[in-house]
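The structure presented is a predicted model; accordingly, all values stated were derived computationally and were not measured.
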Amino acid sequence: MRILWTLLTIVTLSRCVCASSGDRSPEFVHCVDLCRAEKCGPHQTEPLPMALRLTRWTCTDDCKYRCMHEITDRDIQLGKPVHQYHGKWPFWRFAGMQEPASVAFSLLNLWAHARGASKVRRKVSKDHPMRSYYLVWSMVSVNAWVWSSVFHTRDLPLTEKLDYFSAALAIMYALYYTTVRLFHLYPLPTSRLTLTEKPGNAKRKILASICILSYIAHVSYLSLLPRFDYTYNMAFNLALGLVHNALWAVYSLPTSISLLRRFPSHPKSYRPQFVSKAAVFVILTTAATGLELFDFPPWARTIDAHALWHLSTAPIALLWYDFLVEDSRDSSWREQRV
């Protein structure tokens, strides 16, 4: 499900936070210069409110915020289109948060993954070979949503990288555990006391090495560049997301065209009813992506397409955990022994 995250974050990443039509306008530049001259000099008498100081707003940042909304107010009154500033729509801030709706919905997703992890702990047997993978994925996803909420609170170079790199890690791990699950590379328990590895052990280690090295190379490339490569970042994550969703789509195929054995102890024709939920997940993920493709100025300067995407991913995450638990509790797992 975290793929969901990046499948969309992916599109979001393409929004370059460089100059936009709003902050390039002479009117905006003049307004900011005038504000800084009046309020940001060495003898500034009005300190910023505590909430702004805690979230690392500077006097110049505050001037940009005020000028952005002054110009937007006027444009709306004159019936002119609303412009973006530094790659973002004009949002009303709250308690120092630049995009409060996206922050709230990011925290909602964090809760969804924490709840999903709790469900896995309670309902999936401790000796199930995929249990640890799902729990690690939950932790990686929670971490990603933590940094998403931080990034939407304050868009800074460091918070941006932490958000993007955490998202990439989550989708990379999602692809890893999906490959382990669908190609049966997990270790199979022979009893509650011993764990015997099957031949897939070497393949699993190779897969893990490829994923780790790919992620390190990805982060290193983006970190060493003089300027963040948003296009490459988008392509990298999108490719991972598409492969992840494609694998689960193959898993959900009807028995007449099954391409893989869902459970080793059963023939390809074995298809429990819950298998269809994987296809529903892929469809919902794709539909949610459309929220990012059809961007629009924020309603009441609070909720935009990106915030709605964050809102849509939370219930999909809950459904995905339900599916993982059902898949893990299928009776065929009890018959898989080495």
Side-chain angles (χ1 to χ4, degrees), residues 9 12-108 145-164 166 226-228 230 295-311:
T9 291
T12 304
L13 301 184
S14 63
R15 299 177 179 175
C16 180
V17 294
C18 307
S20 298
S21 58
D23 55 88
R24 285 200 311 265
S25 69
E27 181 182 20
F28 176 78
V29 174
H30 176 71
C31 177
V32 173
D33 288 342
L34 185 61
C35 177
R36 290 169 59 185
E38 293 178 351
K39 298 184 177 182
C40 303
H43 303 295
Q44 179 183 357
T45 58
E46 295 184 25
L48 295 175
M50 179 63 70
L52 298 186
R53 282 180 281 158
L54 289 175
T55 48
R56 299 189 62 187
W57 286 77
T58 65
C59 183
T60 298
D61 293 335
D62 191 52
C63 281
K64 292 179 179 178
Y65 173 82
R66 294 179 183 278
C67 288
M68 173 179 69
H69 282 290
E70 287 177 10
I71 295 173
T72 300
D73 286 340
R74 190 213 58 194
D75 287 344
I76 292 176
Q77 290 178 353
L78 297 177
K80 294 182 178 180
V82 175
H83 293 275
Q84 289 190 338
Y85 295 80
H86 301 288
K88 292 180 177 291
W89 293 110
F91 292 95
W92 291 120
R93 67 189 176 195
F94 175 75
M97 295 181 286
Q98 287 178 274
E99 301 173 66
S102 288
V103 172
F105 298 151
S106 292
L107 294 175
L108 180 63
W145 286 111
V146 166
W147 290 114
S148 174
S149 63
V150 171
F151 172 63
H152 288 299
T153 295
R154 282 294 280 133
D155 181 355
L156 301 171
L158 178 60
T159 60
E160 177 187 61
K161 286 185 173 63
L162 288 170
D163 177 33
Y164 290 174
S166 296
R227 190 170 183 174
F228 197 90
Y230 293 91
D295 198 13
F296 55 82
W299 300 329
R301 294 187 221 181
T302 302
I303 297 179
D304 68 338
H306 184 67
L308 290 177
W309 168 65
H310 280 331
L311 178 62

(message) Quick check: do Q84 and D295 have side-chain heavy atoms less than 4.5 Å from each other?
(response) yes
(message) Between T72 and I76, is there a side-chain heavy-atom distance shorter than 4.5 Å?
(response) yes
(message) Side chains of D304 and W299: any donor to acceptor distance under 3.5 Å?
(response) no
(message) Would you compute the distance between atom CG of L78 and atom CG of D73 and round it to the nearest 0.5 angstrom?
(response) 11.0 Å
(request) Check whether any side-chain heavy atom of V103 lies under 4.5 Å from a side-chain heavy atom of F94, and answer yes or no. (result) no
(message) Can you give me the closest heavy-atom contact between L52 and G96, atom names plus distance?
(response) CD2-CA, 3.8 Å
(request) Kindly indicate whether the side chain of C63, heavy atoms from C-beta on, has any atom under 4.5 Å from the side chain of E38. (result) no
(request) Drop me the distance from I71's CD1 to K80's NZ, to the nearest 0.5 angstrom. (result) 10.5 Å
(message) Name the residue from E70, M68, H83 that meets the side chain to side chain contact (heavy atoms under 4.5 Å, CB included) definition with F28.
(response) M68
(message) For the pair C59/C40, is the SG to SG distance below 2.5 Å?
(response) yes
(message) Would H310 and W145 count as a ring-ring contact (aromatic ring centres under 6.0 Å, His included) here? Give the steps.
(response) CA-CA 10 Å; H310 280 331; W145 286 111; 5.1 Å; yes
(request) Run the salt-bridge test on R36 and D62 with the 4.0 Å N-O cut-off and return the result as yes or no. (result) no
(message) Side chains of L308 and F296, heavy atoms from C-beta outward: is any pair under 4.5 Å?
(response) yes
(request) Kindly give the heavy-atom pair with the smallest separation between P298 and F91, and that separation in Å. (result) CB-CE2, 3.7 Å
(request) Any chance you could measure E160, atom CD, to F151, atom CZ, to the nearest 0.5 Å? (result) 5.0 Å
(message) Regarding S106 and S149, do their side chains bring together a donor and an acceptor under 3.5 Å, going by distance alone?
(response) no
(request) Starting at CG of L311, measure out to NE2 of H306 and round the result to the nearest 0.5 Å. (result) 12.0 Å
(request) With salt bridge (charged side-chain N to carboxylate O under 4.0 Å, His left out) as the test, would you mind laying out the steps for R154 and D61 before giving the verdict? (result) CA-CA 11 Å; R154 282 294 280 133; D61 293 335; 3.0 Å; yes
(message) With rounding to the nearest 0.5 angstrom, report the NZ to CG distance, K39 to L34.
(response) 10.0 Å
(request) Using the test ring-ring contact (aromatic ring centres under 6.0 Å, His included), find all partners of Y65 that sit at least two apart in sequence or belong to another chain. (result) W57, H69
(request) Might you point out which heavy atoms bring A300 and W92 nearest each other, and give the distance in Å? (result) O-CD1, 3.3 Å
(message) Is there a side-chain contact between T55 and T153 in this structure, where contact means two heavy atoms from C-beta onward sitting under 4.5 Å apart?
(response) yes
(message) Quick test of your reading of the model: are R93 and E99 salt-bridged, counting only N-O distances below 4.0 Å?
(response) no
(message) Between S166 (side chain only) and D163 (backbone N and O only), is there a donor and an acceptor less than 3.5 Å apart?
(response) no
(message) Tell me whether the count of non-hydrogen atoms from other residues, nucleotides or ligands lying under 6.0 Å of CZ in R53 goes above 12.
(response) yes
(message) Just to verify, what does L158 make a side-chain contact (heavy atoms from CB on, under 4.5 Å) with, not counting sequence neighbours?
(response) L162
(message) Nearest 0.5 angstrom please: H152 NE2 to M97 CE, how far?
(response) 12.5 Å
